[in-house]
Amino acid sequence: MSYHLEHDLLKLIMLERRLIALRKEKGGMNILERLHEECIDIQIHLNMEVQLFQVYEGIWINIQNQDSVQVGRAIKSAMKFFENNEDYFSRSPSFNNLLYYHFCMAVKFETEKDSRPGLQALWLHPEIYDKYPRVKAANIDRYLGVMKNYFNHLLTGLARFSPREFEKFLDRLQALKGKDSKARMLIDRLNMYYPLIYFIQTHDFERALLLDKPIVELLGRQKTKIPEDTILTFQYHLALAYIMAGVNNSEQKKAYLEGSLDWLNAIENLPKDDLKSFLKSLSKAFQIIVHFELGNETLARARALRMLGNLRKYKQTNSWNMA
């Protein structure tokens with residue numbers, strides 16, 4: 001049961017029962033009775049998992065459809081379900097069932113605009129994984145998804161949460177060990193990405209810039225193994241941090257704004273696709289602002305005129321496509 005793979009365990013127990021019956025072992029009936037009790041216990045968890053998944057699915061689909069009325073009804077139905085099965089949840093629910101339960105509770109608190117209990121419910125997800133280290137090791141991607149949900153929830157309520165909340169999150173992430181090189185590289189990236197985003201969101205731009213050199217070293221180490229979209233995300237946010245640091249620090253304004261140009265130019269040199277095209281256009285707008293702030297007014301005007309010309313061409317092309 002250490003992996004909490006009840007579906008597979010049930011098959012194994014059924015095979016074990018068959019072997020004991022065939023071998024006609026002494027005391028076989030006692031073993032069969034014990035195995036029978038285990039089967040009943042597993043079936044209780046599996047039956048509950050089927051019902052819980054239906055409850056979870058009802059909430060999740062309506063969230064995806066952005067139907068707040070149906071989300072409310074689904075949550076009300078979920079709370080009634082939990083009330084009717086209080087005895088099961090007060091004992092030892094299975095790993096998956098615990099996750100489904102706390103997800104539903106987190107959504108309930110979120111819809112009620114009660115962020116503190118909602119955050120606590122989400123924080124229980126990684127704690128559940130901690131109680132089952134083998135499950136955690138075997139499902140590192142799912143665990144990182146849980147951490148991402150918690151972090152995003154934390155960002156939406158920055159005004160209500162203390163820095164200690166983020167420090168706890170970061171401590172847990174830094175302690176995480178990947179089972180292979182791919183997982184370890186992902187964890188290394190997240191240990192840079194989450195602090196960078198957090199410091200920008202909390203307007204601590206100079207702390208964000210302390211990550212510049214470590215991020216450059218990280219990108220150098222992982223080279224072709226890191227997705228291009230991830231590289232772009234780092235470049236964009238570092239450029240933004242430099243710009244905002246320059247705006248908020250008149251003494252080092254010139255140095256910070258010049259630092260932003262390094263990252264903005266790197267974005268401009270990337271190949272095009274939908275996401276990169278959007279951020280490349282945004283980076284060009286930032287370049288115009290930065291050059292203007294640095295006193296390069298002629299260059300800023302030239303870039304602005306070029307950008308306006310490109311926008312006119314884009315508008316004409318799209319109107320022809322629509323015709």
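Excluded from the calculations below are hydrogen atoms, water molecules and symmetry mates; all remaining heavy atoms, backbone and side chain alike, are included.
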Are the ring centres of F95 and Y129 closer than 6.0 Å?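 Between F95 and Y129, the centre distance is under 6.0 Å.
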Near-ring test F199/F205, centroid separation under 6.0 angstrom: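 Here the rings of F199 and F205 have centres that are no less than 6.0 Å from each other.
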Using side-chain heavy atoms (C-beta onward) and a distance below 4.5 Å, is [X] in contact with [Y]?
| X | Y | result |
| --- | --- | --- |
| Y236 | L282 | yes |
| L170 | Y198 | no |
| I215 | Y193 | no |
| V146 | I128 | no |
| M105 | M79 | yes |

May I ask you to say whether R73 pairs ionically with D67, meaning some side-chain N is under 4.0 Å from a carboxylate O?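 Looking at R73 and D67, the cut-off is not met.
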Looking at E297 and R301, is there a salt bridge between them, counting it only when a charged N and a carboxylate O are closer than 4.0 Å?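 Yes, charged N to carboxylate O under 4.0 Å.
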Run through D262, T230, I267 and flag the one making a side chain to side chain contact (heavy atoms under 4.5 Å, CB included) with Q235.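 The single option meeting the side chain to side chain contact (heavy atoms under 4.5 Å, CB included) with Q235 is I267.
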Distance in Å, [X] [atom1] paired with [Y] [atom2], rounded so as to fall on 0.5 Å steps:
| X | Y | atom1 | atom2 | value |
| --- | --- | --- | --- | --- |
| I231 | Q222 | CD1 | CD | 9.5 Å |
| L299 | H291 | CG | NE2 | 4.5 Å |
| Q54 | F81 | CD | CZ | 9.0 Å |
| L261 | Y256 | CG | OH | 15.5 Å |

Parallel under 30°, tilted from 30 to 60°, perpendicular over 60°: which one fits the rings of F53 and Y56?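 The rings of F53 and Y56 sit tilted, inter-plane angle from 30° to 60°.
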Can you name the nearest heavy-atom pair linking [X] to [Y], along with the distance?
| X | Y | value |
| --- | --- | --- |
| K177 | I140 | O-CD1, 4.3 Å |
| P93 | Y132 | O-OH, 4.4 Å |
| R189 | F234 | O-CZ, 3.6 Å |

Quick one: do F103 and Y100 satisfy ring pair (Phe, Tyr, Trp, His ring centres under 6.0 Å)? Show the steps, please. CA-CA 5 Å; F103 169 83; Y100 290 140; 8.4 Å; no
Are a donor atom and an acceptor atom from the side chains of N265 and Q287 found within less than 3.5 Å of each other?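 Short answer, yes.
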Side-chain H-bond candidate by donor/acceptor type, N249 with E206, under 3.5 Å: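 The answer is yes; a qualifying pair exists.
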Whether the side chain of N248 engages the backbone of M244 through a donor-acceptor N/O pair (distance < 3.5 Å, no angle test) should be reported.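 Pair found, side chain donor or acceptor close to backbone of M244.
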